Every structure is written in C-alpha cells, then in structure tokens.
Amino acid sequence: MAAGHDFPQLLLAAQAGSGQAVERLFARHNPALRRYLEARAEGMGDDLAQEVWIAASRNLRTFTGDEGDLRSWLFSIARSKLIDQGRRSTRQPSTPTDPHILEATSVWERPVDNLTAIEAVNELVHGLTDEQADIVLLRVVGGFSVEEVASMVDKEPGAVRVAQHRALKRVATRMSEKAVTK
C-alpha cells in the first residue's frame with residue numbers, strides 16, 4: 001500500500017489519542033494484516049488482528065517512523081502473535097474431527113470464481129514450511145520488500161530470496177501435478 005502524504009499528521013493525531021486517526025490507520029492497514037494472519041492461522045485472522053492492534057495501541061505513543069515503518073512494525077507484531085498462538089495450540093489439546101464429516105473436495109476442484117481470497121491464499125501456502133509460508137505471505141500479501149521481510153524474520157536478504165524461490169518452485173510443482181492428475 002502506498003504511503004499517504006497525510007501520514008505524519010495522522011500518526012501525531014493517533015498518538016495524541018484521536019479515535020478517528022486510529023480508525024484511519026486501522027482502515028489502511030488491517031485488511032492486509034488480517035489476510036496474512038488468516039492465511040497463517042485459518043479461522044483466527046480476526047482475533048489475532050485484534051491482538052495485534054491492542055499490542056500496537058499500547059506502544060503507539062512511542063512509535064517513530066514513516067508509514068512503511070508502521071506497516072513493518074504491525075506485521076512484526078503479527079508474526080509474534082502467530083508464534084504465541086502456535087505455542088498455545090500445542091499446549092491445549094484438540095478434539096479430532098471425524099474425517100468423513102469434512103468436505104471431501106479440495107478448493108481446486110471447485111470453479112475458480114467460487115474460491116474466496118482466503119481459500120486461494122491458503123491453497124498457495126499449503127505444503128510449505130512455516131518459514132516459507134511466512135516469507136511468501138509477507139512478500140505477496142503484505143507487499144514488503146525482500147529487505148523488509150529479512151528484517152522481520154531475522155534472516156539475510158539472500159536467505160529470504162532463496163526461501164521464496166524454493167517455496168514458489170514447490171507451489172508450481174504441486175499445482176502442475178494437480179493439473180496433470182485431473
């Protein structure tokens with residue numbers, strides 16, 4: 001998302017407690033943030049996004065930087081919330097679902113125009129490692145540069161490029177195999 005020319009004033013107003021300014025920041029940044037979170041933790045995107053905004057609101061007064069820095073900061077908080085959620089889910093037992101209850105067809109067996117954006121993103125990252133999925137989603141859904149993603153995932157830019165390349169190659173192979181078997 002392109003940075004708004006009004007960002008410095010908007011940030012100052014939000015830091016001063018303006019609800020309207022916070023709403024505008026939310027409207028600008030929450031859609032991509034929510035898509036990223038939903039793709040990484042299906043069914044929990046809204047809840048995790050809410051946790052991100054609560055955490056951000058606690059520290060917004062001390063935030064400095066431009067709109068790109070704010071986006072990076074929000075997605076870094078989101079990634080931390082995903083890690084926390086992963087830890088919680090491993091500690092809390094789950095009840096297995098009878099596989100016969102689940103829908104038998106994959107999303108790719110339905111017409112493309114019936115896919116939701118979340119289903120398409122989930123199918124994109126299906127079968128990738130968590131690291132690969134994070135990198136692809138931060139690059140594609142978040143719209144971050146290689147350098148920004150490298151900073152968020154604590155890797156060198158070259159390692160991010162390699163992981164992204166391997167992930168996309170894996171996706172291409174998987175999709176071509178599905179096309180051949182149909």
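Source: prediction; values computed, not measured.
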Salt-bridge contact Arg161-Glu156 (side-chain N to carboxylate O under 4.0 Å): no
Any donor-acceptor pair under 3.5 Å from Ser151 side chain to Glu147 backbone: no
Side-chain (Arg174) to main-chain (His126) donor-acceptor, under 3.5 angstrom: yes
Aromatic ring pairing Phe75/Tyr36, orientation class (parallel under 30°, perpendicular over 60°, tilted between): tilted
Separation between CE of Met44 and CG of Asp46, rounded to the nearest 0.5 Å: 10.5 Å
Separation of Asp66 CG from Leu11 CG (nearest 0.5 Å): 10.0 Å
Nearest-0.5 Å distance that lies between atom CG in Leu10 and atom OG in Ser18: 8.0 Å
Side chain proximity check, Leu82 to Asp130, heavy atoms < 4.5 angstrom: no
Nearest-0.5 Å distance, CD1 of residue Ile83 to CZ of residue Arg79: 4.5 Å
Neighbour count above 12 (heavy atom, 6.0 Å) for Gln50 CD: no
Over 12 foreign heavy atoms within 6.0 Å of CG, Asp154: no
Atom pair CG/CG of Asp69 and Leu74 - distance to nearest 0.5 Å: 11.0 Å
Val171 vs Val136, side chain to side chain contact (heavy atoms under 4.5 Å, CB included): CA-CA, chis, key distance, verdict: CA-CA 11 Å; Val171 169; Val136 169; over 6 Å; no
Closest contact, heavy atoms only, Met152 versus Ser76: CG-OG, 3.4 Å
Where Ala133 and Arg40 come nearest, the two heavy atoms and their spacing: CB-NH1, 3.4 Å
Phe7 CZ to Arg24 CZ distance, which is reported to the nearest 0.5 Å: 11.0 Å
Smallest separation among heavy atoms of Glu148 and Ser72, with atom names: OE2-OG, 4.0 Å
Test item: Arg170 side-chain N/O and Gly127 main-chain N/O as donor-acceptor pair under 3.5 Å: yes
Contact check, side chains of Glu67 and His29, non-hydrogen atoms, under 4.5 Å: yes
Arg28 with Asp6: basic N within carboxylate O range, under 4.0 Å: yes
Backbone N/O of Glu131 and side chain of Asp134: donor-acceptor pair under 3.5 Å: no
Gln15 to Phe63 - nearest heavy-atom pair and separation: NE2-O, 2.8 Å
Validation row: Glu51, Ile77 side chains within 4.5 angstrom (heavy atoms): no
Smallest separation among heavy atoms of Ala13 and Ala21, with atom names: CB-CB, 3.6 Å
Closest contact, heavy atoms only, Ala49 versus Asn30: CB-OD1, 3.7 Å
Ile135 and its side chain to side chain contact (heavy atoms under 4.5 Å, CB included) partner, picked from Gln164, Lys155, His165: Gln164
Trp53 vs Leu60 side-chain heavy atoms within contact, under 4.5 Å: no
